[in-house]
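Start at 1 and go down the list; that is how both ligands and their atoms are numbered.
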Amino acid sequence: MQTTSYTYEQLLEKNKQYLWNPFTQMKDYVEDDPVIIVSGEGRKLKDAQGNEYWDGVSSIWLNVHGHRVPELDQAIRDQLDQIAHSTLLGMANVPAILLAEQLIGIMPKGLAKVFYSDSGATAVEIAIKMAFQYWQHQGKPNKKQFITMREAYHGDTIGAISVGALDLFHENYASLMFPTIKAPYPYLYRSPFGDDPEQIGQAHLRKLEQLLIEHAAETAAIIVEPLMQGAAGMINMPAGYLRGIRELATKYDVLLIVDEVATGFGRTGKMFACDHEGVTPDILTAGKGLTGGYLPVAITVTTDQIYDAFFADFEEQKTFYHGHSYTGNQLGCSVALANLELMRKTNLVEEVARKAKMVGQRLHRFYELKHVGDIRQVGLMIGIELVFDQQSKEPYAWQDRVGARVCRRARELGMLLRPLGDVVVFMPSLASTDEELNEMLDILYQAIAEGTA
Ligand code: PLP
């Protein structure tokens, strides 16, 4: 089917008539002139009106090497000559096996088995069910609660929202969700525990320990976004906090699930955010960047200890009854293999760490803008919190939609962004060059200056 022969107006009409976009108020959308992407190249996207934009959020935090990367395109073509998909239920396929081996090679030490699915949310569902069932197999069926962090986001399925805690997204569904124990998360910019990150971290660890003292006997796992809470507004943890959580989980005999869906595969300047603190979780979830941003493959990776708890004679009924139609999809696994190879060849993770420093230096100048309240950065994961008053940190009224206004201005200036409330998110493709990053930062600065004027 020839998809490029339609005009923007024709496509928009069909969009309005047939398509319901995610995380989108359709009333605003149908009255607007939304971007309809036709193609991409490198770090840029092109729309149906012929406009070109920088992809300033990596197509929602997942693009690694850019768009139309020859090596990745070729991997999919080569795999297509073999087969597009066959099931992983009760059998296997070549790329799924080879990718699992590669993944275990780069995971935090101690993680040993890969379970595939197709989105971050499904990876989290699997983690929840694995942790829950693990304790049943251990003869501790009472351990079925989850401790989660306030403002956490782990995806949009019912299990994933249950372990989430972002009222704006989750409150409506409260009666559908299973209850969890909420631990406060350190928000350094607005902390009741003062200004010292270490002290703030310690105060929160004490609170978490208190929860564990009260609830460890009925808790299956703690789940956390490592180093940076993403959808909450890019809220970074104090150094040592993740390690502290690991130590508490071990001390009180609860599993630790680390959700690396946003942070994994180089985004933070290490392969995984866990690597910054030498942490091995019991279960790690990842997705997004795994395929370079090409195809929906996600993973839930766990230890032999957990795997072995399910490994038994059939009659013992310890099978993990979970799977999706497209689990282990060959096209996805092939492009993920090509992605990892290209990451190695281009020294991508070390390069992200280097570029992040350069970006950080430039971002510091953004404080000159009088509505920039806080700039939070881990690697190339950046959030800029806009406030009404820089001195008092007074936020804008949410109805003013200042974040959206800034992103709209960025679009006019040639970069696509998507805000989280009044936090402007900047998550460029990891392979963006210094020059490209500088051009994007120029637009970001101007968009904030003009969008908040
Ligand atoms: N977990 C985290 C930490 C995320 O940031 C996201 C998405 O942004 C998800 C899970 C959900 O991933 P997906 O959108 O692929 O379901």
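For Thr285 and Asp259, the side-chain atoms include at least one donor-acceptor pair closer than 3.5 Å.
Judged by distance alone, with hydrogens and angles left aside, the side-chain atoms of His65 form no donor-acceptor pair with the main-chain N or O of Ala431 at under 3.5 Å. A donor-acceptor distance shorter than 3.5 angstrom exists from the side chain of Asn329 to the backbone of Leu331, with no hydrogens or angles considered. Of the possible polar contacts, one joining the Lys143 side chain to the Ala216 backbone as a donor-acceptor pair under 3.5 Å is found.
Remark: Asp55 does not engage Lys46 in a salt bridge, criterion side-chain N to carboxylate O under 4.0 Å. Salt bridge annotation for Glu31-Lys27: present, with a cationic side-chain nitrogen under 4.0 angstrom from a carboxylate oxygen.
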Report all N/O contacts between ligand 1 and the protein shorter than 3.5 Å as a table of atom names and distances to 0.1 Å; if there are none, say 'none'.
from     : atom 1 : to     : atom 2 : distance (Å)
ligand 1 : 1 (N)  : Asp259 : OD1    : 3.4
ligand 1 : 1 (N)  : Asp259 : OD2    : 2.6
ligand 1 : 8 (O)  : Lys288 : NZ     : 3.1
ligand 1 : 15 (O) : Gly120 : N      : 2.8
ligand 1 : 16 (O) : Gly120 : N      : 3.3
ligand 1 : 16 (O) : Ala121 : N      : 2.9

